[in-house]
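See structure below.
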Amino acid sequence: MTALLGFGFVSGATHVVAKSETFYSISRKYGVPVSSLMAYNKVSDPRTLKLGQKIRIPSKSSAVKVTPSQVRKVTPKAMRVIIDPGHGGKDRGALWGGVAEADLNMRVARKVEAILKARGYQVTMTRRSDVFLSLSKRAEIANRYRNVVFVSIHFNATKYTSVRGAETFYTGEKGRYLASAIQRELIRKLKVKNRGVRFSRFAVLRQTVCPAVLVECGFISNSYERSRCKTSGYQDLTAQAIVSGIERYDRAF
Ligand SMILES: [Zn+2]
């Protein structure tokens, strides 16, 4: 139910900032705590309010749910993360036991995106749907931005079906740091075989200017590992590991 507050405004509405208004005065007007108002609008500095700016007003029920720790979580981060779900469209990637790599990559990528956004990161996906995208197009998207890292998400396969585990490829020194951070978290969270981090000249890594890594989250050619990779539990842990690695990198640089 939507509560009708004073001044004829309905909660959950948008407020246009008038002259001399502050976050404090707006919060008083709608009876919403300043901290909730800031968190709801993803604002870390209350002094950035501008005349004519549109402020979204949380309903009172959602306002009380915001705790100080949640406010901290949505503090905007300066770094942008380019998430690249490998393959797509006519390129299915590896195909084993009815599992298409392109689909697994997208599922993990979307989870990574959601967690990163909740942590305040800016995220760009190279693809959002099941379309084909060339490797140079993927790199070109990353090269539009400054202060970014590029994370390409894949699952592995080989004719040697006993092979399993996770590995992360990189280019450059910063790329190696990011790869190591992600790889460590993958092993810790997924308890899979550690195939290590490796330097690579994959086109998608070579053509990106920013620190770039390619994560191979598991072998779908190994029946045991494939059965794990298919589960949303494994995909969730993989996404969490990738995000933890990115955060570790972000704190270091
Ligand atoms: Zn792949």
Side-chain angles (χ1 to χ4, degrees), residues 81-113 123-142 149-172 175-176 178-180 182-183 185-187 189-190 192-208 210-232 234-239 241-243 245-246:
V81 182
I82 313 292
I83 302 293
D84 176 44
H87 312 281
K90 65 183 181 186
D91 172 13
R92 311 307 300 140
L95 279 166
W96 282 82
V99 176
E101 186 203 341
D103 299 335
L104 288 188
N105 296 342
M106 181 56 85
R107 277 194 238 162
V108 172
R110 285 188 185 281
K111 290 173 192 284
V112 173
E113 179 192 26
V123 180
T124 298
M125 300 274 281
T126 55
R127 67 175 178 99
R128 300 198 138 275
S129 56
D130 192 15
V131 292
F132 175 78
L133 210 57
S134 71
L135 296 176
S136 29
K137 180 72 189 170
R138 293 166 199 259
E140 187 217 290
I141 292 169
V149 292
F150 178 89
V151 180
S152 192
I153 295 171
H154 289 252
F155 282 79
N156 228 332
T158 164
K159 61 180 178 177
Y160 305 103
T161 56
S162 62
V163 174
R164 59 186 183 183
E167 59 193 346
T168 307
F169 296 90
Y170 68 90
T171 53
R176 182 164 74 170
L178 178 58
S180 303
I182 290 175
Q183 181 69 15
E185 293 295 329
L186 285 173
I187 302 312
K189 287 199 163 70
L190 296 170
V192 288
K193 184 175 189 295
N194 186 359
R195 296 175 53 83
V197 297
R198 299 156 192 240
F199 170 79
S200 164
R201 293 187 57 75
F202 288 143
V204 74
L205 299 184
R206 202 180 60 231
Q207 292 174 19
T208 49
C210 66
V213 300
L214 187 150
V215 188
E216 292 280 5
C217 307
F219 278 82
I220 60 172
S221 47
N222 177 269
S223 61
Y224 169 73
E225 204 150 272
R226 180 172 64 248
S227 68
R228 287 192 74 195
C229 293
K230 284 196 290 190
T231 65
S232 59
Y234 187 94
Q235 293 158 12
D236 284 338
L237 286 175
T238 305
I242 291 171
V243 171
I246 292 169

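When a ligand or atom number is given, it counts from 1 through the structure's own listing order.
Counting just the N/O/S atoms of H154, the one with the shortest distance to the Zn ion (ligand 1) is named ND1. Distances from the Zn ion (ligand 1) to the N/O/S atoms of H87 are shortest for NE2.
Note: Y234 and F155 have tilted aromatic rings, judged against thresholds of 30 and 60 degrees for the angle between ring planes.
Salt bridge absent: D84 and K137 never bring a charged side-chain N and a carboxylate O closer than 4.0 Å.
Put simply, E101 gets within reach of the Zn ion (ligand 1), with an N, O or S atom under 2.8 Å from it.
Sparse packing is recorded around OH of Y224, with 12 or fewer heavy atoms of other residues, nucleotides or ligands lying under 6.0 Å away.
Using a 4.5 Å heavy-atom cutoff, the side chains of R110 and R128 are in contact.
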